[in-house]
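A quick note: this is a predicted structure, and the numbers were derived from the prediction, not measured.
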Number of protein chains: 2
Amino acid sequence: MYAIGEEETVGDAEYVNIWTLPERPARGPKPVYSRAQITEAAIRIADAEGLEAATMRRIAAEIGAGAMSLYRYVPSRDNLIELMADRLMGEIDLTGVPSGDWRADLTRYADGLRAMWRAHPWIAAVQRSLPGLGPNQLLLIERLMGVLDPLVPIDENLGLMALLNGYVEGAVREEISAAEELRRSGLSEAEWMARGHAHVDRLVKSGDYPIFTKIVMEARRPHLSRDDQFRHGLRRVLDCVAAALPPTAQPAG
Amino acid sequence: MYAIGEEETVGDAEYVNIWTLPERPARGPKPVYSRAQITEAAIRIADAEGLEAATMRRIAAEIGAGAMSLYRYVPSRDNLIELMADRLMGEIDLTGVPSGDWRADLTRYADGLRAMWRAHPWIAAVQRSLPGLGPNQLLLIERLMGVLDPLVPIDENLGLMALLNGYVEGAVREEISAAEELRRSGLSEAEWMARGHAHVDRLVKSGDYPIFTKIVMEARRPHLSRDDQFRHGLRRVLDCVAAALPPTAQPAG
DNA sequence: CCGCAATTGCGTACAACGTACTCAGTGGAG
DNA sequence: CTCCACTGAGTACGTTGTACGCAATTGCGG
């Protein structure tokens with residue numbers, strides 16, 4: 001009787017919340033490595049060769065450990081990637097935010113987020129659905145949402161920050177797209193240009209895509225620098241934010 | 001001499017542009033399957049069980065083929081995913097766009113994009129850096145960018161559409177996050193609530209994260225329905241677009 | 001100070017993945 | 001008709017994440 005369910009191995013994927021799991025229990029030999037060290041090594045590899053190159057064996061080799069040793073510190077590779085993502089959030093420096101000048105604060109955040117993405121383009125491939133609840137992420141939420149917190153209701157605030165995040169991510173994705181695609185393909189730049197542009201040129205020459213053609217022309221000879229383009233778009237977003245604020249809180253017109 | 005490069009197998013990853021590669025050459029036995037059929041089967045599996053479940057063997061089984069047969073139609077799994085993504089873009093119906101009423105057109109696009117994301121949440125895990133140049137994507141670009149094309153310069157247009165896309169993606173990511181996380185974890189809803197919420201509750205009760213606490217409270221008892229929230233945010237984005245247009249083109253104040 | 005038990009690093013092993021290679025069979029072009 | 005470019009598919013390989021087990025190490029109760 002009761003043969004079904006006897007084994008209790010129902011779920012195949014054991015879900016683990018890394019933020020509830022303490023790094024070190026007690027007693028036993030001194031650990032040689034650490035979560036932080038492993039996370040750092042993984043980020044170093046991902047920066048240099050992409051996220052897919054950051055395999056467990058490769059990371060272990062980077063710090064001079066055996067492959068399975070990592071599992072004494074981290075439950076799974078997915079959890080490690082969560083740690084990596086949170087570590088990256090810590091790179092966005094928001095000390096002193098909120099300062100009282102919301103426009104300056106949000107600009108600083110946008111610049112910081114952009115810099116982080118450009119330094120670690122592989123973050124585009126992570127992008128979890130839930131925001132993640134690591135210490136750095138939480139601190140960031142507190143500070144960023146604190147900028148507009150007394151001025152607008154919380155749901156309005158969330159919407160505006162989603163808008164800001166969306167703008168920055170979209171803009172940076174465009175910036176890093178060419179470089180990332182090039183790296184992923186594994187081709188030399190000349191070869192990649194030859195293959196990729198051949199198709200684009202064919203589309204352009206066909207005459208069927210007039211607006212796409214305009215985009216290509218603009219992309220090949222942009223009017224503004226990357227930085228200016230970003231600043232310009234950001235100003236537009238911030239104007240949008242300003243419009244959503246109550247009229248009593250408009251420091252710099 | 002010239003030993004180096006003799007083999008020509010320099011790169012390990014052979015980059016293939018799927019859009020230049022014709023599906024059928026000529027001559028030989030009639031193919032039993034087709035790219036479209038394979039793409040459709042893959043999408044069906046991804047919809048039901050997530051993108052990671054759409055393995056080559058699984059897709060092949062779905063259409064009753066051998067695993068390796070798929071490679072007669074598609075060079076690699078990555079290319080197949082490109083096909084899937086482009087197929088999804090075709091779900092966004094923009095016939096008759098641009099219509100002359102830019103606000104209506106952009107609303108229709110936003111609603112269509114949102115519906116597509118909600119129907120195929122795994123698209124969040126794809127998100128290539130480059131936009132991709134499949135037929136559906138190209139058609140979408142032509143129509144969407146055509147909405148504002150004569151009104152604003154092309155680089156401005158690109159920025160505004162990036163803003164719109166960013167808003168929709170951000171909003172939908174939040175909408176689907178809980179469901180996706182639940183599915184990925186493989187737990188029952190009750191179990192997931194118990195584990196996930198326990199951590200959130202601890203953070204809330206600690207008192208260290210006042211703004212995070214506000215967010216949680218709002219999320220648990222939202223003031224507006226999902227749809228209303230989306231509409232509200234979208235209106236704000238469109239107001240932002242309106243502000244960037246020249247004063248001569250303001251049809252509906 | 002001495003064992004005991006908890007915990008370490010890590011070698012071995014396995015299942016699942018993408019996909020290279022191979023080959024018998026098929027069917028349009030000459 | 002013959003020919004050969006093409007088909008579907010079986011087998012096999014390299015790489016991945018990770019379960020398991022074992023010898024070595026160390027803090028703690030006595």
Review point. Heavy atoms under 4.0 Å, any strand shown: does B:A60 hit a base, just sugar-phosphate, or nothing?
Key: nothing

Practice item. Look at A:K30 and C:dT7 and indicate whether a side-chain polar atom (N or O) is within less than 4.0 Å of OP1 or OP2. Key: no

Point to revise | Note: A:D111-A:R118 ion pair, threshold 4.0 Å (strictly below) | key: no

**Study point:** B:N136 side-chain N/O to B:D86 backbone N/O, donor-acceptor pair under 3.5 Å
**Key:** yes

Practice item. Report yes or no: does B:Y167 contribute a side-chain atom to a donor-acceptor pair with the main-chain N or O of A:G159 at less than 3.5 Å? Key: no

Expected list for residues 208-219 of chain A: side-chain donor-acceptor pairs under 3.5 angstrom, two or more places apart:
residue : atom : partner : partner atom : Å
A:T213  : OG1  : A:Y209  : O            : 2.7
A:K214  : NZ   : B:D149  : OD1          : 3.0
A:K214  : NZ   : B:D149  : OD2          : 3.3
A:E218  : OE1  : A:H223  : ND1          : 3.2
A:E218  : OE2  : A:H223  : N            : 3.4

**Study point:** Residues forming a ring pair (Phe, Tyr, Trp, His ring centres under 6.0 Å) with B:Y109, sequence neighbours excluded
**Key:** none

Revision key, fill the gap. Expected list for residues 67-75 of chain B near DNA chain D, using heavy atoms below 4.0 Å, is B:M68, B:S69, B:R72, B:Y73

Revision key, fill the gap. Residues of residues 34-55 of chain A with a heavy atom under 4.0 Å from any atom of DNA chain D, listed by number, are A:T55

Check your understanding: Does any donor atom in the side chain of B:D93 or B:T95 lie under 3.5 Å from an acceptor atom in the other side chain?
Key -> yes

Review point. The side chain of B:P29 lies closest to which of these nucleotides: D:dA9, D:dT18, C:dG25?
Key: C:dG25

Practice item. Measure from the side chain of B:R77, starting at C-beta and using heavy atoms only, and say which of D:dA9, D:dG17, C:dT19 lies closest. Key: C:dT19

Using whole Å, what does the distance between atom [atom2] of nucleotide [N] and atom [atom1] of [X] come to?
X     : N      : atom1 : atom2 : value
B:R57 : C:dA15 : CZ    : P     : 13 Å
A:D78 : D:dT16 : CG    : P     : 16 Å
A:I59 : D:dT16 : CD1   : C1'   : 12 Å
B:M56 : D:dT15 : CE    : P     : 20 Å

Study note, to complete from the structure: Nearest-nucleotide check on DNA chain D, B:G64 vs A:S76; residue mapping nearer the 5' end is B:G64

Review point. In terms of the angle between their ring planes, are B:Y33 and B:Y73 parallel, tilted or perpendicular, with boundaries placed at 30° and 60°?
Key: perpendicular

Study note, to complete from the structure: Those residues at least two apart in sequence (or on a different chain) that pass side-chain hydrogen bond (donor to acceptor under 3.5 Å, both in side chains) with A:R57 are none

Exercise for review: Kindly write out the residues that satisfy side-chain hydrogen bond (donor to acceptor under 3.5 Å, both in side chains) with B:R108, not counting sequence neighbours, or none if the list is empty.
Suggested key: none

